[in-house]
Colleague: 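Below is one structure. I have some questions about it.
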Number of protein chains: 2
Amino acid sequence: MSAAPSPAPPRETRQREVISRLLQSAEGPLGVPELHARALNELPRLGVATVYRTLKLLQEQGAAHIVTLDGENLYEASGRGHHHHFSCRQCGRVYTLNTCPVALPAGTVYPGGFVVEAHEVTLYGLCPACAPR
Amino acid sequence: MSAAPSPAPPRETRQREVISRLLQSAEGPLGVPELHARALNELPRLGVATVYRTLKLLQEQGAAHIVTLDGENLYEASGRGHHHHFSCRQCGRVYTLNTCPVALPAGTVYPGGFVVEAHEVTLYGLCPACAPR
DNA sequence: TTTCGTGCAAAAGTTTTGCAAGCCC
DNA sequence: GGGCTTGCAAAACTTTTGCACGAAA
């Protein structure tokens with residue numbers, strides 16, 4: 001028998017660099033079509049498949065994660081601190097909220113014996129631009 | 001000229017009755033394939049399209065709503081009180097929580113001018129069955 | 001050079017839509 | 001009877017996969 005095959009580290013390619021950078025500099029979570037469209041400006045021949053493959057890779061590395069809103073899968077770079085999302089029912093835009101409405105430190109035991117490790121909150125309503133002033 | 005066309009009320013059909021009832025009596029949120037499968041027992045010729053159309057109708061009526069977990073769209077009957085979900089990272093089961101960790105009455109204005117109408121919370125961690133005692 | 005990654009195209013999965021026939025009112 | 005609904009099938013999307021060529025190490 002042989003030692004466990006040590007997995008070669010992922011290669012650094014232009015595609016991965018661009019996708020990763022776009023994700024990091026985005027204002028909020030992005031859907032695949034949107035991300036792909038933005039990347040096409042720099043990589044005219046980029047295929048959607050590569051976007052999906054790269055996103056999967058980034059998720060495995062913990063560098064990105066998925067957020068699902070209204071049945072649509074959006075992707076977001078990790079490491080920008082604890083935050084939540086606000087979805088506007090009027091304009092459909094998704095905002096990032098930096099305040100957190102719940103007090104549930106990891107390790108909290110919720111009634112019934114549920115050990116909470118993480119939580120996700122999404123608020124729905126009207127964003128500042130759509131709310132009647 | 002004529003008066004504003006008063007929208008005819010939706011008809012009561014066997015399909016709608018069955019789908020609605022199955023959703024109400026379900027233990028938790030159901031996916032379309034699962035819901036369709038259960039309905040086939042009573043309506044052998046029911047098509048998936050009707051399930052989707054009925055779910056859309058129920059949502060418009062506020063009688064059902066969508067819950068997305070792990071990228072899968074699940075549907076749940078409304079009117080069973082305010083609740084949230086707990087997803088166990090070990091066994092993958094989704095539980096319904098009847099306590100709510102946030103205090104955000106509809107109409108609350110969140111910092112930044114976001115008018116909150118509703119909120120959704122999902123907790124992740126270990127359920128009572130999977131947590132080391 | 002060797003292997004991994006990419007582009008392209010086809011496949012698989014999900015949700016929507018068009019249309020003729022059927023059912024509700 | 002008239003119009004909304006349904007079933008079926010095709011279309012539109014979304015995400016994954018296979019493969020030969022191109023690029024990183």
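Atom set for the values below is all heavy atoms of this structure, side chains included, hydrogens, waters and symmetry mates excluded.
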Colleague: Find the distance B:Glu72:CD to C:dT14:C1' and express it as a whole number of Å.
Modeller: 11 Å
Colleague: In whole Å, what is the span from the CD1 atom of A:Ile66 to the C1' atom of D:dT14?
Modeller: 12 Å
Colleague: How many Å lie between CD on B:Glu60 and P on D:dT5, as a whole number?
Modeller: 11 Å
Colleague: Between C1' on C:dT6 and CD on A:Glu12, what's the gap in Å once rounded to a whole number?
Modeller: 17 Å
Colleague: Check each of A:Ile19, A:Val32, A:Leu58 against A:Tyr75 using the side chain to side chain contact (heavy atoms under 4.5 Å, CB included) test, and report the only one that passes.
Modeller: A:Val32
Colleague: With the side chain of B:Arg11 defined as its heavy atoms from C-beta on, choose the nearest nucleotide among D:dC8, C:dC24, D:dT14.
Modeller: C:dC24
Colleague: Is B:Arg16 paired with B:Glu12 through a side-chain N to carboxylate O contact shorter than 4.0 Å?
Modeller: no
Colleague: Taking for each residue the nucleotide of DNA chain D with the nearest heavy atom, is it B:Ala49 or B:Pro10 whose nucleotide lies nearer the 5' end?
Modeller: B:Pro10
Colleague: Using C1' atoms of five pairs at each end, report the bend of the helix from C:dT1-D:dA25 to C:dC25-D:dG1 rounded to 10 degrees.
Modeller: 30°
Colleague: Taking the minimum atom-to-atom distance to the side chain of B:Arg16, which one of D:dT6, C:dG7, C:dT14 wins?
Modeller: D:dT6
Colleague: Rounded to whole Å, how long is the line connecting atom CZ of B:Arg14 with atom P of D:dG7?
Modeller: 11 Å
Colleague: Looking at A:Arg80, I want to see if its CZ is surrounded by more than 12 non-hydrogen atoms of other residues, nucleotides or ligands under 6.0 Å.
Modeller: yes
Colleague: How close or far is atom C1' of D:dT14 from atom CG of A:Leu74, stated in whole angstroms?
Modeller: 13 Å
Colleague: Between the base of D:dG22 and the side chain of A:Arg45, is there a donor and acceptor pair under 3.5 angstrom?
Modeller: no
Colleague: Do the charged groups of B:Glu60 and B:Lys56 touch, with an N to O distance under 4.0 Å?
Modeller: no
Colleague: Do A:Arg53 and A:Leu57 have side chains that approach each other closer than 4.5 Å (heavy atoms only, starting at C-beta)?
Modeller: no
Colleague: Once you round it to whole Å, what is the distance between P of C:dT14 and NE2 of B:His36?
Modeller: 13 Å
Colleague: Think B:Asn73 has a side-chain N or O under 4.0 angstrom from the OP1 or OP2 of C:dT15?
Modeller: yes
Colleague: Between A:His36 and A:Glu34, is there a donor-acceptor pair closer than 3.5 Å when you use the side chain of the first and the backbone of the second?
Modeller: no
Colleague: In this structure, how many angstroms lie between the C1' atom of C:dC4 and the CD atom of A:Gln15, rounded?
Modeller: 12 Å
Colleague: Heavy-atom nearest nucleotide on DNA chain C for B:Pro33 versus B:Thr13: which residue maps closer to 5'?
Modeller: B:Pro33
Colleague: Can you identify which nucleotide, out of C:dC8, D:dT15, C:dT15, has its nearest atom closest to the B:Val32 side chain?
Modeller: C:dT15
Colleague: Has B:Tyr52 got a side-chain N or O lying under 4.0 Å from the OP1 or OP2 atom of C:dT15?
Modeller: yes
Colleague: So, does A:Lys56 get its side chain near the phosphate of D:dT15, meaning an N or O under 4.0 Å from OP1 or OP2?
Modeller: no
Colleague: For the atom pair OH (A:Tyr110) and NE2 (A:His119), what is the distance rounded to the nearest 0.5 Å?
Modeller: 11.0 Å
